[in-house]
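Working notes, structure below.
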Amino acid sequence: MCFTSPPECPVFEPSWEEFADPFAFINKIRPIAEKTGICKVRPPPDWQPPFACDVDRLHFTPRIQRLNELEAQTRVKLNFLDQIAKFWELQGCTLKIPHVERKILDLYQLNRLVAEEGGFDLVCRERRWTKIAMTMGFAPGKAVGSHLRAHYERVLYPYHLFHSGTNLLVSLTYSVFYCVLAACFLYLDDVNDRDKEYKPHDLLQRQNIHVQPCDVSAPARRAKRMKTEVNVNTRSEGGEGCENRPNLRRRMGSFVAKPEPGKHLTFASNLTSLRSLVDLYVCLMCGTGNDEDRLLLCDGCDDSYHTFCLIPPLSDVPKGDWRCPKCLAQECSKPQEAFGFEQACRDYSLKSFGEMADSFKSDYFNMPVHMVPTELVEKEFWRLVGTIEEDVTVEYGADIASKEFGSGFPIKGGKFKVAPHDEKYLQCGWNLNNMAMMTPSVLTHVTADICGMTLPWLYVGMCFSSFCWHIEDHWSYSINYLHWGEPKTWYGAPGFAAEQLEAVMKKLAPELFESQPDLLHQLVTIMNPNTLMAHGVPIYRTNQCAGEFVITFPRSYHSGFNQGFNFAEAVNFCTVDWMPLGRQCVEHYRLLNRYCVFSHDEMVCNMAMKADRLDVVLASAVQKDMRLMIKEERELRDKVRKMGVVQCELFKYDLLADDERQCVKCRTTCYLSALTCPCRPGVQVCLHHAHDLCSCPVSNYTLNYRFTLDDLYPMMNAVRQRAESYDEWAARVTEVMEAKLDKKHVNVFRALLEESDEKSFPENDLLRQLRLVTQDAEKCSSVAQQLLNGKRQTRYRTGGGNSPNQLTVEEMRSFVRQLYNLPCSLTQAPLLKELLNSIEDFQQHSEKLLSDEVSADSVSEIESLLEEGSQFDVFLPELPLLRERLEQTRWLAGVQQAEDPVSNPCGLSLDCMRRLIDRGVGLTPHPSTERTMARLQELLTISEEMEEKAQALLKARPPESLETLSSMLTQVDGVPAYLPNCLLLQDTVNRAKEWLQEAEDLQVGGQTPVLSSLSDMVLRAHAIPVRLEPLDQLEVLVSEVQAWKESAAKTFLIKNSPFTLLEVLCPRWEVGSSLKKKMRKVKGECVSSGKKKLVKLDSMSDVERALSDSKDSASAMFTLAEVRLKEQESLCLLRAANESKLLPTADCAALKVCVCQKPPMGAMLQCELCRDAFHSVCVRGPSDPLDPEDWLCPLCLRSTKPSLAKIQTLLSSLQRIRVRLPEGDALRYMIERTGSWQRRARGVIDSYDHSLTSQDCRGASPTQSHRTTGHKRKVRHYITDCLSLELEELMVEGLLLQVSVPETQQLYRHLLSEFKFITSLCLPLCPLQRDAITSAEKKAKRRMNREETEIRDRGIKPKSKKQRMGTEKQRERKEASVSASDVSQSEDSEEDMTQCPAENCLQPEGEEVYWVQCDCCNRWFHMICVGVSAELAAEEDYMCVTCSTTNAGRRK
């Protein structure tokens, strides 16, 4: 069984001030320490006395301690096994302890359990062996009970029969006993050969409690001789033989076996050597001497028996010694010797003992001694003392007299020379040589030196050496100081538990106390502290380290063991409080017949004779003790006188040694009186045992007395007078402290304390009690006032340091009870009682509220309770519960508010549920909150699952069908939560249904759908994550419309055209300067930024919006008709303005024409539609100048003007698609407009042809050509005057049409043939400019050739190179384009090749920048800066503005 350490005893660490007076400090700690019986005192760290013992002279003989013999219960088992072994050994058999279930059978426990169950016969009849097996710790169901029965019947039952009082002289009983014994012989003999479980036990070698087994034949048996002289010889031989036979005996607490030398002859050899004497032996049973070889000789009395005469007969001679029944009874009935420690044979010095102790410990634990943990040593010690299987023997140097070898502390006049700085230890009260004889110790009044009590004893210990349970002599105090070495482990029981400890040990080991009633006073018995604690005895422990004191208090049992090699010193002392216990101890010793160390009565009388010098407290204690002593003495003397004792004699017993004046009966030291008789000189008895002196008549007795009663009373009166003032004060103190009804105020207690200080009463128990009560009353008054004032009370808990804490209600209730239990009265007590009642009412209300269900409506009530409870300055366990309940109710209120449809119409969101759950997780569990939490958890789980499903449906690719989404929504309908994804899913389903309804209405309705509506539906359908069946059809339809638009754009739009298809197909909304600005802006952006998206015109957006919003084609045609009217009006105004601008004026330089908005110069072209003039170098002219055809400027030429057949094909394909779009309406309007115009134009042409035919008949001259040329430049001139209004309007309207129809050319030719030719619209050239052309052309040609050569040599090439014309045409262009300003420029400049010389260079950037070269000056220009397209630069020669202006000036 594992050992459990008892609780620790108190440990005190006095300050230097407290340490100065040892008795005052011991009196101070006594109320605490006496509750545990022992305590430990750690001196201040600087208190280190020198070790003064003479190590060289110190020699001692230690005691031998066998550990398993120390423990009481183990020793009982060993004694029992000793008796069993002796019994069988006397029968000639060797005891072998059997094994059951692989462990040694506890024969003692088996015997005790069988006895408790009623004996062997009753256990067998009622079949209780299984119960006994389970009680012994064996597992049931393995037939262990039958094994136990067999072992008991064959090993223990014969011994039981023998001790049951069987009369061996009765033949019947004798027969029964020997029948059993014979059966056991057979069993014990047979067990060595057959039963493998019964292995020999090794206790023999370790404990010597069994006889050495004899493996040889039994020795020869000798019989009694018939003759007298033979008998004498036989006895002498027998005596000699008995002297040599094994004799099992006790020696110092252990059995030893004496070997039998020379007795190893076999029975046959001995029988042969004694054959001549066989005829002298006869059998005591049959009286004959026949069959000499079968005669059996008793080894005790030499009586002879035939083996076949015995009942039952023996088949063979038993091995070993054999006893007849009479000798067996005599041997087993011998009393056991008292157990004690055997002294070792070796004498040790301190050094040799230390070497042996350290070697033993290090070998036992297989590690260095200083590394063995104390806990390990402690557990191993208690394991060893409780086992019978292991025998460990140690030695203990105990009770070494310090008077002989010197104390460990320095003493005055000692041989140890004390250093000057250590002289303070000579007079120190903690020096054990001084403590016992200091004034506060009553042992100073004991005249004799008592070694070990008033003189210190020394103790040298080793590992496992122990001191057994004991109390100090006369129940005195003891103090032990460990000078050095390893720790000493102590166990102690308080004095009030002494009788309880004795009763437990007597109960558990009654056999030991039967033979030794004062066993616990012998210091030879120990018992496991766990066993004592299990029986309710309070046990405490401590480890005493070097330099520490251990103090034991009166009648405190203590024991312990040493952890290793150490040196300790101990002494006894007695204080005033011990006086009553000392007299009680003497009475106890008288009952136990135990001697006293000193005479208590003598000590009291010695103190009484010094009454004038006694301390008042001690005088009071002596006076009380003397009163009891004189009363008892008077009663005893009266009793003796009544018995008839008449002789009296004064006798000074204090002159005799203590052992010469002991009572012969109780061994009490006699002092006041004793009885003697002349028949027994030197023998006396105390008056308690007057009848035990002798058998002589009482009249012969003499009463010896030390004092007469008249002498004792004056001594007591003297002591009483010395203590009178103190007694009077003590009586008043006792009166006020024991008052129950009329309690005095605390001021009375203070006055008594002040009186004790004034009269200088010494420290004593009553004064300490008074001071303690007064201090407690003052503290209670202060605490009560603080509680009433609402202040916090600071309490100090034992062992945990000081920590501020509030009082609990139970503590306050106990505190109120303490106030009323105080010996004094306090004014705060009733007020505090009222406060306690308020607190209890609060607790009742709180408990009622806490027992109810959690409700959200109880928030205000809980808050009011919390406010009320916070005003009480006590620890209320209901407050944290109320706070928890408040959090629960607030949480429930928050849940209800979140679920309230009025305050939260949207419902619980996922985040709100998570927040509520997170708050709820921290709440204290409660059924209401748990249910709500479970509901929220379930709702959150469902909601998250729904949200995940909804999100998955919304993000599904391909999208799910509308039915799947709708079925999902049916599951969501029952979830009371705000689910964004589900709401989005609901919105998606609604939008999908609306879209499908629109698609259905679109298909069912009779109107043709508009492209914008279809596109919008497709876009909206793409934004709806639902699989919509009509979407594919709509996408196909929209894609067909887009394909149609692309086809129409390819048909109408010019490459890089700034106009959209709708702008081309619709009538012109803007014409004139605003259109030019827009075109320049759009063209510039297009060229400079590359592939940017074209900017839409605002007005065109309005037209497109109007066409898209139109309900049918008729309204669209009406809108386009309005645009056409605005187009005609704007165009008329523009033509008039442009024609008026070209009239001859004085200042030609201020005129702004062409896309470049510069003055006219060089060859100019005039647009037939807008009538504006354009430089031939800025725009692209007609492909064939000789072919008379209408020419339109880039602003008016908006499309490629496809044929009417292509347009009609486009319209037919659009009609098959059956989708309305603005471009389609515009195309339809264009076709209708073209058809109308064609009809009008044909009418005019037909009428004009008819008129021409008439002129031809009249012989009119043909129309001359209106085209002239000059200097290779062709300029077209148009006659705008005198045209008929109808023909001009038809021509303008025909030019506005974006369709190529033959009627347009026909009308144009008719117009040309009708008007006269005008040679030129150019301004006249000045003569100076005309003369400078020839020289400039030459210089320019040379410079051009030189620059081309340099460019080829340097490898500098522009990114695109314009197309060269024929040599003849190039020469003509160069001759006409040489500028006078270019001639003056530097011919060798490379900067012309890297910078654009245009006046307002736009500095275009991008991946591709297009350049063009002037054919006159050979300079390179950005195409975008001079307004030339890539097609124009590739097909025609280019002349820059400078060259054109210079040439025009020369011509003029």
Side-chain angles (χ1 to χ4, degrees), residues 1044-1055 1057-1071 1075 1100 1103-1104 1107 1113 1116-1128 1130-1131 1135 1167-1170 1180 1182-1183 1187-1216 1220-1246 1248 1286-1311:
W1044 181 88
K1045 286 181 66 175
E1046 292 176 1
S1047 177
K1050 290 181 181 179
T1051 303
F1052 281 95
L1053 296 184
I1054 303 173
K1055 187 176 182 181
S1057 174
F1059 303 105
T1060 63
L1061 179 62
L1062 185 60
E1063 289 175 344
V1064 171
L1065 297 179
C1066 288
R1068 298 173 62 183
W1069 181 267
E1070 292 178 339
V1071 293
L1075 182 61
M1100 198 65 246
V1103 174
E1104 184 176 4
L1107 293 177
S1113 298
M1117 296 299 108
F1118 179 78
T1119 301
L1120 293 173
E1122 290 182 354
V1123 177
R1124 175 188 174 188
L1125 294 177
K1126 291 183 179 182
E1127 177 189 42
Q1128 290 178 352
S1130 300
L1131 188 60
R1135 287 169 62 87
C1167 179
E1168 294 291 347
L1169 186 58
C1170 64
R1180 182 177 181 179
S1183 58
D1187 184 16
E1189 60 180 7
D1190 51 350
W1191 180 83
L1192 299 180
C1193 66
L1195 300 178
C1196 296
L1197 185 62
R1198 302 164 69 89
S1199 68
T1200 58
K1201 291 190 176 184
S1203 62
L1204 184 59
K1206 288 185 178 181
I1207 296 175
Q1208 289 175 344
T1209 304
L1210 284 175
L1211 183 60
S1212 299
S1213 62
L1214 179 62
Q1215 290 175 348
R1216 286 193 299 271
R1220 279 189 56 221
L1221 67 161
E1223 290 82 356
D1225 293 336
L1227 182 62
R1228 185 178 297 106
Y1229 181 78
M1230 179 187 294
I1231 292 174
E1232 293 179 357
R1233 182 180 178 185
T1234 301
S1236 175
W1237 181 85
Q1238 278 184 322
R1239 289 191 295 272
R1240 291 166 52 202
R1242 287 194 187 96
V1244 172
I1245 291 172
D1246 291 342
Y1248 183 74
E1286 181 180 4
L1287 189 60
E1288 184 179 0
E1289 290 179 354
L1290 276 176
M1291 187 62 199
V1292 170
E1293 186 175 358
L1295 294 175
L1296 287 174
L1297 296 174
Q1298 302 302 319
V1299 184
S1300 297
V1301 290
E1303 287 82 2
T1304 304
Q1305 295 298 327
Q1306 293 177 8
L1307 284 178
Y1308 185 69
R1309 291 190 184 96
H1310 290 324
L1311 286 174

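One distance of note links CD of E1223 with CD of E1063; it measures 10.5 Å at 0.5 Å rounding. Distance check: Q1215 CD to Q1208 CD gives 10.5 Å after rounding to the nearest 0.5 Å. From L1197, atom CG reaches atom CH2 of W1191 across 9.0 Å, with rounding to the nearest 0.5 Å. In this structure, CG in L1065 is found 4.5 Å from CE in M1230, a value given to the nearest 0.5 Å. We find the CD1-CZ distance between I1207 and R1228 to be 13.5 Å, quoted to the nearest 0.5 Å.
Taking the side chain to side chain donor-acceptor pair (under 3.5 Å) definition, one finds that W1044 meets it with S1213, sequence neighbours left out.
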Just distance, no hydrogens or angles: give the donor-acceptor pairs under 3.5 Å from side chains in residues 1290-1301, sequence neighbours left out.
from  : atom 1 : to    : atom 2 : distance (Å)
E1293 : OE1    : R1240 : NH1    : 2.9
E1293 : OE2    : R1124 : NH2    : 2.4
Q1298 : OE1    : S1199 : N      : 3.4
Q1298 : OE1    : S1199 : OG     : 2.5
Q1298 : NE2    : L1296 : O      : 3.2
S1300 : OG     : K1201 : O      : 2.2

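Of all heavy-atom pairs between S1047 and L1210, the closest is OG-CD2, 3.7 Å. Closest non-hydrogen pair, E1122 versus F1118, comes out as OE2-CE2, 2.8 Å. For M1117 against D1225, the heavy-atom pair with the smallest separation is CE-O, 3.1 Å. Of all the heavy atoms in A1121 and Y1229, the pair that sits closest is CA-OH, 3.4 Å. When all heavy atoms of L1062 and A1226 are compared, the closest pair comes out as CD1-CB, 4.1 Å. Looking at every heavy atom in both residues, I1231 comes nearest to L1211 through CD1-CD2, 3.4 Å.
Taking the charged nitrogens against the carboxylate oxygens, E1127 and R1198 have no contact shorter than 4.0 Å, which rules out a salt bridge.
Side-chain N or O atoms of S1236 include none that pairs as donor or acceptor with a backbone N or O of E1232 at under 3.5 Å.
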- Let me see the working for L1169 and C1193 under side chain to side chain contact (heavy atoms under 4.5 Å, CB included), right down to the final yes or no. CA-CA 8 Å; L1169 186 58; C1193 66; over 6 Å; no
- Task: Dump the intermediate steps for side chain to side chain contact (heavy atoms under 4.5 Å, CB included) on R1233 and L1120, then the final yes or no.
- Result: CA-CA 10 Å; R1233 182 180 178 185; L1120 293 173; over 6 Å; no
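Evaluated for a side chain to side chain contact (heavy atoms under 4.5 Å, CB included) with L1053, the options V1064, T1060, T1200 yield exactly one hit, V1064.
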